[in-house]
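Everything below concerns the one structure shown next.
Atoms considered below: every heavy atom in the structure, side chains included; atoms not considered: hydrogens, waters and symmetry mates.
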4 protein chains.
Amino acid sequence: MPRPPGHGPGYEIKRQEIIDQAAQLFAKQGYAATGIAEIGQVAGLAKGALYYYIGSKENLLVEIQNRVLNPLLTAARRIAGLDEDPVLRLRLLSQTLLELILARLDHIWVYEHDYRHLRGANRTRLLRQRREFEKIVQDLLVEAMESGAFRKLNARLAMLQFLNMHNHTYQWAKPDGEWDAEFLSREYCATLISGFRSPSYDADDLEERVRSFREREGA
Amino acid sequence: MPRPPGHGPGYEIKRQEIIDQAAQLFAKQGYAATGIAEIGQVAGLAKGALYYYIGSKENLLVEIQNRVLNPLLTAARRIAGLDEDPVLRLRLLSQTLLELILARLDHIWVYEHDYRHLRGANRTRLLRQRREFEKIVQDLLVEAMESGAFRKLNARLAMLQFLNMHNHTYQWAKPDGEWDAEFLSREYCATLISGFRSPSYDADDLEERVRSFREREGA
Amino acid sequence: MPRPPGHGPGYEIKRQEIIDQAAQLFAKQGYAATGIAEIGQVAGLAKGALYYYIGSKENLLVEIQNRVLNPLLTAARRIAGLDEDPVLRLRLLSQTLLELILARLDHIWVYEHDYRHLRGANRTRLLRQRREFEKIVQDLLVEAMESGAFRKLNARLAMLQFLNMHNHTYQWAKPDGEWDAEFLSREYCATLISGFRSPSYDADDLEERVRSFREREGA
Amino acid sequence: MPRPPGHGPGYEIKRQEIIDQAAQLFAKQGYAATGIAEIGQVAGLAKGALYYYIGSKENLLVEIQNRVLNPLLTAARRIAGLDEDPVLRLRLLSQTLLELILARLDHIWVYEHDYRHLRGANRTRLLRQRREFEKIVQDLLVEAMESGAFRKLNARLAMLQFLNMHNHTYQWAKPDGEWDAEFLSREYCATLISGFRSPSYDADDLEERVRSFREREGA
DNA sequence: AATGAATGAGTGTTCATTCAT
DNA sequence: AATGAATGAACACTCATTCAT
């Protein structure tokens, strides 16, 4: 959302830096409890200059939400569209989600905590995007049910269990924690899938299939 | 926890009402974004009178946290100390936790979001209590492993999965949602236990045992 | 200044106690920086009851001023009217003034610091009384000049030197300091009189005359 | 002592103006009884802009104290270190002190009345500086005793007499009073020295020596 | 591209005082 | 004789934002 018509080449770079720094502060202290002055101090900019880059405080929040939702939705749409077993796709989506969470812990804090400070159109768009992500997950779960892999579940509740398990991770994950996204995804999915699966479905080869998928893709 | 030396009979009642109202506002808007003036308005009290009851804004936060943590820890300690199968105790603890979450959704919002605005001793005590609760859960999981019911898990990660699943519920639960605590607990535990259990462990009679336990207790 | 028509026997006693306690607080923290709540706490009274005794905060200040000025003016008038050498009377007045200062250090702090918070008639009366005291001192100095004991001085400046020397004592005196009023009076007067006296005047027997005066009076 | 990192050329000037205006208000009404709003009104600045310059109310008090103590201590150290008769140095110090008092009456009011509202390090530093000044005076008095000019006095009491006489001047001096610092210093010192001196010491030529010193210095 | 200066509403909190009981 | 409850203005201070330069 660059503001005035003409900008030098450094503008966008500096802008992104400022958003990064703001995300860190918001994550640590909360959006409402973080002052513009503080951001300016961390950015090494006087308040006037800061506003040249950010437009408004709420705008920073919008950008941070976008940095989470844009890659998340893009990846989710891509994975959901793959021509693969829905359980495999769920496993891939799980890992992508965890990668995003672990890579941008501070952004996720803000995303989870402070989206309610958005107003008007910003808020509406955000909620729509969140619902879209939820729908993608839920549709995959339904596909898995229809494929016979999962037993007959309340689809919405299954989706919520999936998201509970994943989304709450930001609350305790550390920037350099002992567990990476792949490990967590394996563990989470093992739990969830063993809970969701039909008696007849054998999930034991899932990780093998993930590996093989990655090889195909990487090639 | 009355503040000035003496108080009339209505004091504590009104005080609890105010804390209720504050919890609602904090849950909706966040602690930092909610003004004392707003609370006074909702309470129908001028700011001076408000402070007569609350002492300070942070004190309101403390009270709300206590309303969550005191019953939670009391119940958790009691359940952990029961002379029952650890898996049964986990299931009971799960339901108690969900009952608390669903009964006091706004308090939980504040508990989950705004504990970081506590300072000094208040914060220290809160973190200690949170850790105690986590330890109770983790110890139950270890007991379940030692009893042979659960396979060999990373205890901490299992505890985090348990809490992820439960604690994130506040994010989407509605005050009069379609699912009650018992149903959610059954579902969550079914998923978790099927993920955690040893191949040899048969969880099918768990709900039966829950019912029988309740009858014994209720009698 | 008792308020309602009828009062029990304990009223005035308690009232004086409260004024004492207020004087201590005002002295330590200043009138403006001391709250009514604080006084009530020290007095062991709720605010409502406190007001039953004190009428208003400013009224406390008035009472404290009176406790200084009434005995001071009474004593000063009496001493000035004695049929004695003016230098002796100055020496007696000096000691009386210092006795009052040392006996009621906290009242004097308030008297010196906070009289400017009085308004209207209270302030006018106070200033009048202060001027009366100054006039008594100045008249004694003039008498001493006219008697030939003191050389020709600017009377007002001499009076101000006298009061500078005495009145500033409260700034460093301690409740149980090493010097008593008699000693300080002797020292201050020795300095002042040696500075004010005529070359012909011999002050060496002054303390002797003080002693002899006291014996006559005491008898 | 500018607060934020960078400031324009007018900043320090305006800042000093505001401190001036605050000193006047504090002197008239007392520090505790003067509101920030009032200062802003006098300065013609909204509260936000005011804080841009002052940092905090207590900071204003610190600055005012510094404006008294810095020149006072600098001058006192210089005078104490002169290679002159200690009595002459006392006389010079007396005049310097009175010059400061008369030149900055309102600052002195605040200095004398409101230093107790300073907290923490500010207060500690202030008290240390006050003690340093007292020590300089007392050391000069001891020197004068050792030189034989003064008789054997209690050094601390002599110092307190000296300061009583001088420091209390602010209580009655007027901005355009009839007496200047030189005149008051001559009078005060005449009184004090005639009280302190040895019988053998002749103080009659002191003013002559002051004049000669000033000529030497001025040349 | 950036600054210093300013605003005015808003922050949480304390104040002296009142009054029905 | 004393209380608990209430008020509303004032307190020191911070806020996001603007704008001439």
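- Atom P of nucleotide E:dT3 and atom CD of A:Q41 are separated by 13 Å, given to the nearest angstrom.
- Ring geometry, B:H117 versus B:Y31: the interplanar angle falls from 30° to 60°, so the pair is classed tilted.
- With values rounded to the nearest 0.5 angstrom, A:I54 atom CD1 is found 6.0 Å from A:I39 atom CD1.
- Looking at residues two or more places apart in sequence or on another chain, you find a side chain to side chain contact (heavy atoms under 4.5 Å, CB included) between C:A49 and C:L45.
- Between the NE2 atom of C:H117 and the P atom of E:dC15 there is a distance of 15 Å, given to the nearest Å.
- Contact between the side-chain N/O atoms of C:Y52 and the OP1/OP2 oxygens of F:dA2 is not found at any separation under 4.0 Å.
- Not counting sequence neighbours, D:R116 has no partner by the side chain to side chain donor-acceptor pair (under 3.5 Å) test.
- Stem analysis of DNA chain E (Watson-Crick or G-U pairs, both distances under 3.5 Å, runs of at least three) returns E:2-21 with F:2-21.
- Rounded to whole angstrom, the span from the OH atom of D:Y11 across to the P atom of E:dA6 amounts to 11 Å.
- Here the nucleotide nearest the side chain of C:A46, chosen from E:dT7, F:dT3, E:dA2, is F:dT3.
- Computed from coordinates, the C:K14 NZ to F:dA1 C1' distance equals 9 Å when rounded to whole Å.
- Relative ring orientation between B:H113 and A:H113 is described as tilted, the plane-to-plane angle lying within the 30° to 60° band.
- Computed from coordinates, the D:I13 CD1 to E:dG4 C1' distance equals 14 Å when rounded to whole Å.
- For the side chain to side chain donor-acceptor pair (under 3.5 Å) test, no residue two or more places apart in sequence or in another chain qualifies with C:E17.
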Please table the atom pairs, donor to acceptor, closer than 3.5 Å between any side-chain atom in residues 20-28 of chain C and protein atoms at least two apart or in another chain.
residue : atom : partner : partner atom : Å
C:D20   : OD1  : C:R67   : NH1          : 2.7

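- One atom, CZ of A:R15, and another, C1' of E:dA1, lie 16 Å apart when rounded to the nearest Å.
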Could you run down the sub-3.5 Å N/O contacts of the protein with nucleotides 9-13 of chain F?
residue : atom : partner : partner atom : Å
F:dA12  : OP1  : D:T34   : O            : 3.2
F:dA12  : OP1  : D:K57   : NZ           : 2.8
F:dA12  : OP2  : D:I36   : N            : 2.8
F:dC13  : OP2  : D:Y51   : OH           : 2.5
F:dC13  : OP2  : D:K57   : N            : 2.8
F:dC13  : O5'  : D:Y51   : OH           : 3.1
F:dC13  : N4   : D:K47   : NZ           : 2.8

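- Between D:P9 and A:P9, it is A:P9 whose nearest contact on DNA chain E lies nearer the 5' terminus.
- Here A:Y170 and A:Y111 keep their ring centres 6.0 angstrom or further from each other.
- C:L50 places its CG atom 10 Å from the P atom of F:dT3, with the value rounded to the nearest Å.
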